[in-house]
K.L.:
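Supplied in structure tokens, the structure appears directly below.
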There are 2 protein chains.
Amino acid sequence: MALRHAVLAVLLDGEYSGYQLTKIFDVSCSNFWYAVPQQLYAELTKLERAGLITGRQVIQHDRPNKRLFTVTPAGLAELAAFAAVPSKPSSIREDLLVMVQAVDRLDPAPVIAQLEERAVIAAAKVELFDRMLRQLRGDLTEEAFLRESDRIGPYLTCLRGRGFEQENREWCERVAALLRARAPVPG
Amino acid sequence: MALRHAVLAVLLDGEYSGYQLTKIFDVSCSNFWYAVPQQLYAELTKLERAGLITGRQVIQHDRPNKRLFTVTPAGLAELAAFAAVPSKPSSIREDLLVMVQAVDRLDPAPVIAQLEERAVIAAAKVELFDRMLRQLRGDLTEEAFLRESDRIGPYLTCLRGRGFEQENREWCERVAALLRARAPVPG
DNA sequence: GAACCATACTCAATGATATGACTATTCCTG
DNA sequence: CAGGAATAGTCATATCATTGAGTATGGTTC
């Protein structure tokens, strides 16, 4: 029941179409939730039927028409209710960690390769988050922005995403180097 | 298809019953996967039918009988195949982050309360992981253990779990303090 | 000796998520 | 003008995960 609230939280920033949402859930929102387009469109339909968002048709001549959605007061109330009930912590759920858990009994080469590749991906995400953070705070310092802005939620979740990826990167690099040192692999 | 591999990876450490697995997935394994008992029992049944593990009945007189499972050569091959195909990175999926994303438009009090509670939980997990790490490496230093031991997989995943929770804790504390400073809440 | 907890495991139902294939339109490139 | 990318969205299905309730045994505690 939480994709619903993730969609509502993102729609607080303004009107978006389903297609735009898929883009947001691919990048900026990916620091706290991910969903494929089909899920998002389905969720938007449900949310509208429940009266938590409203859509309005926008006729476009240069490309297919679209529908833009906004959160209704009922939707905001739903979010408030969601925020009021204690949430359960979620843990990491990562295939790569399963492989590392078993690495002593397997050929380490493919695991090392994946760790190194993942470190690069994580580093790229850190940079992406850094760019997003800079853009969000404009020319204010982080401290000033967090004190004065009236829209810090996205910045804060972005900070968490950055921290996660940074930690991820460091761990991947360390483990890859370590496994490489233990069992030197050609190539 | 990854719970299957998580179970196989844990069973590499020795014979376990379904019940014991539920305990392991509650604590030590929770740094990279989580599952409820029903999932685990169902998965064990499937794995046995697929010939990837074998079970043997153990008659007990002081408590209900149990079945202990071990990974077969086919199971090890399945794990090797799993480790050979590139895995997709998974992102955070956390209700609490959804709330923070929306916090500018909500009453911050319950969100702050949850952040502070979560920081305490994360700190407790860090300590738990520290104890597990100490136990795994015995009286060796971390460096020596990682160089010499022939079973470092669980240690490495535990390190990742620790890093995640530490990062989580720092973020929760920082965000809670920040939100408190912005909108002083009584109580 | 009644209540409760730990061990050991199962069934059923629902909800969430992932995968793949599909329909349209328009713009840009070669 | 053919092909591909970007926009905008839909349908169907299969698997995964979560929730809740149950069964059964034996040990411990009040």
Side-chain angles (χ1 to χ4, degrees), chain A residues 1-8 15-27 29-30 32-50 53 55-69 82 85-95 98, chain B residues 1-7 15-27 29-30 32-50 53 55-69 82 85 87-95 98:
Chain A
M1 292 290 277
L3 172 59
R4 124 169 305 177
H5 300 109
V7 170
L8 285 172
E15 281 188 325
Y16 291 115
S17 69
Y19 189 76
Q20 283 174 292
L21 269 184
T22 68
K23 299 300 161 191
I24 293 170
F25 270 76
D26 241 27
V27 286
C29 184
S30 65
F32 66 97
W33 212 269
Y34 172 76
V36 292
Q38 296 93 317
Q39 273 176 278
L40 292 170
Y41 284 113
E43 201 59 52
L44 285 171
T45 307
K46 277 192 254 173
L47 281 166
E48 194 179 20
R49 257 207 285 274
I53 59 174
R56 68 182 181 90
Q57 179 103 21
V58 173
I59 310 290
Q60 297 184 118
H61 299 290
D62 52 338
R63 53 192 60 174
N65 298 333
K66 62 181 174 184
R67 304 191 61 214
L68 296 180
F69 297 94
F82 168 69
V85 299
S87 61
K88 270 176 288 183
S90 74
S91 60
I92 305 181
R93 203 168 257 206
E94 179 79 66
D95 284 358
V98 176
Chain B
M1 293 288 279
L3 172 58
R4 127 167 302 176
H5 300 109
V7 170
E15 281 186 324
Y16 291 114
S17 69
Y19 189 75
Q20 283 174 293
L21 269 183
T22 68
K23 298 301 160 190
I24 293 170
F25 270 77
D26 241 28
V27 285
C29 185
S30 65
F32 67 98
W33 212 270
Y34 172 77
V36 293
Q38 296 93 316
Q39 271 176 279
L40 292 171
Y41 283 113
E43 201 58 51
L44 285 171
T45 307
K46 277 192 254 174
L47 280 167
E48 194 179 21
R49 258 207 284 274
I53 59 174
R56 68 180 180 93
Q57 179 103 21
V58 172
I59 310 289
Q60 297 184 116
H61 299 289
D62 53 339
R63 53 192 60 176
N65 298 333
K66 62 181 173 184
R67 301 192 60 214
L68 296 179
F69 297 93
F82 168 69
V85 299
S87 60
K88 271 174 289 184
S90 74
S91 60
I92 306 180
R93 201 166 259 206
E94 180 79 66
D95 284 358
V98 176

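Just so it is clear: chains get the letters A, B, ... in the order the sequence lines come, proteins before strands, and each one is counted from 1. Heavy-atom basis, side chains included; hydrogens, waters and symmetry copies ignored.
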K.L.:
Quickly work out the B/Leu21 CG to C/dT7 P distance and round it to whole Å.
P.N.:
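After rounding, the gap between these two atoms is 14 Å.
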
K.L.:
Could you tell me the separation between the CD atom of A/Gln20 and the P atom of D/dA8, rounded to a whole number of Å?
P.N.:
7 Å

K.L.:
Could you tell me the separation between the NZ atom of A/Lys23 and the OG atom of A/Ser17, rounded to the nearest 0.5 Å?
P.N.:
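The OG atom of A/Ser17 is 10.0 Å from NZ of A/Lys23, to the nearest 0.5 Å.
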
K.L.:
Calculate the interatomic distance between A/Leu40 atom CG and D/dT10 atom P; express it in whole Å.
P.N.:
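Between P of D/dT10 and CG of A/Leu40: 12 Å.
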
K.L.:
Can you measure from CG (A/Asp26) to CG (A/Leu21) and round to the nearest 0.5 angstrom?
P.N.:
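Reported to 0.5 Å precision, the distance equals 11.5 Å.
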
K.L.:
Anything under 3.5 Å between a donor and an acceptor, one on a side chain of residues 61-68 of chain B, the other on a protein residue two or more places apart or in another chain? List them.
P.N.:
from, atom 1, to, atom 2, distance (Å)
B/Asn65, OD1, B/Gln60, N, 2.7
B/Arg67, NH1, B/Glu48, OE1, 3.3
B/Arg67, NH2, B/Glu48, OE2, 2.7

K.L.:
Is there a donor-acceptor contact under 3.5 Å from the side chain of A/Tyr41 to the main chain of A/Tyr19?
P.N.:
yes

K.L.:
Encode nucleotides 22-30 of chain C as B, S and - characters from 5' to 3', where the letter depends on protein heavy atoms closer than 4.0 Å: B to the base, S only to sugar-phosphate, - to neither.
P.N.:
---BSS---

K.L.:
Between B/Tyr34 (side chain) and A/Ile92 (backbone), is there a donor-acceptor pair under 3.5 Å?
P.N.:
no

K.L.:
How about B/Tyr16 and B/Leu40: do any of their side-chain heavy atoms sit closer than 4.5 Å?
P.N.:
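Contact flag for B/Tyr16/B/Leu40 side chains = no.
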
K.L.:
Would a 4.5 Å heavy-atom cut-off, applied to side chains only, mark B/Arg49 and B/Thr45 as touching?
P.N.:
yes

K.L.:
Tell me the interatomic distance from B/Phe25, atom CZ, to C/dA8, atom P, rounded to whole angstroms.
P.N.:
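Going from B/Phe25 (CZ) to C/dA8 (P), I get 17 Å.
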
K.L.:
Looking at B/Phe69 and B/Gly55, what are the two nearest heavy atoms and their distance?
P.N.:
CD2-CA, 3.6 Å

K.L.:
Calculate the interatomic distance between B/Tyr16 atom OH and C/dA8 atom C1'; express it in whole Å.
P.N.:
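Roughly 17 Å, once rounded to whole Å.
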
K.L.:
Taking only residues two or more places apart in sequence, or in another chain, which ones meet B/Glu43 in a side chain to side chain contact (heavy atoms under 4.5 Å, CB included)?
P.N.:
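Per chain and number, B/Glu43 pairs via side chain to side chain contact (heavy atoms under 4.5 Å, CB included) with B/Leu3, B/Arg4, B/Val7, B/Lys46, B/Leu47.
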
K.L.:
Report, as a single string ordered 5' to 3', how protein heavy atoms within less than 4.0 Å touch nucleotides 13-18 of chain D: B base, S sugar-phosphate only, - not at all.
P.N.:
---SSB

K.L.:
In whole Å, I'd like the distance from the OH atom of B/Tyr41 to the C1' atom of C/dC11.
P.N.:
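About 14 Å, once rounded to whole Å.
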
K.L.:
Sequence neighbours left out, what passes ring pair (Phe, Tyr, Trp, His ring centres under 6.0 Å) with A/Phe82? Give chain and number order.
P.N.:
A/His5

K.L.:
Report which part of the nucleic acid A/Thr22 touches: base, sugar-phosphate, or nothing (heavy-atom distance under 4.0 Å, all strands).
P.N.:
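Since no nucleic acid heavy atom lies under 4.0 Å of A/Thr22, the category is nothing.
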
K.L.:
Rounded to whole Å, please give me the gap between NZ in B/Lys66 and C1' in D/dT25.
P.N.:
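From B/Lys66 NZ to D/dT25 C1': 14 Å.
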
K.L.:
Is it the case that the side chain of A/Ser90 and the backbone of B/Arg93 share a donor-acceptor pair, with hydrogens and angles ignored and the cut-off at 3.5 Å?
P.N.:
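Confirmed, A/Ser90 side chain pairs with B/Arg93 backbone.
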
K.L.:
Can you give me the bend angle of the helix from C/dG1-D/dC30 to C/dG30-D/dC1? Use the axis through the first five pairs and the one through the last five, nearest 10 degrees.
P.N.:
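End axes: 30° apart.
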
K.L.:
Take the protein atom NZ of A/Lys23 and the nucleotide atom C1' of D/dG9, then report the distance between them rounded to whole Å.
P.N.:
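About 12 Å, once rounded to whole Å.
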
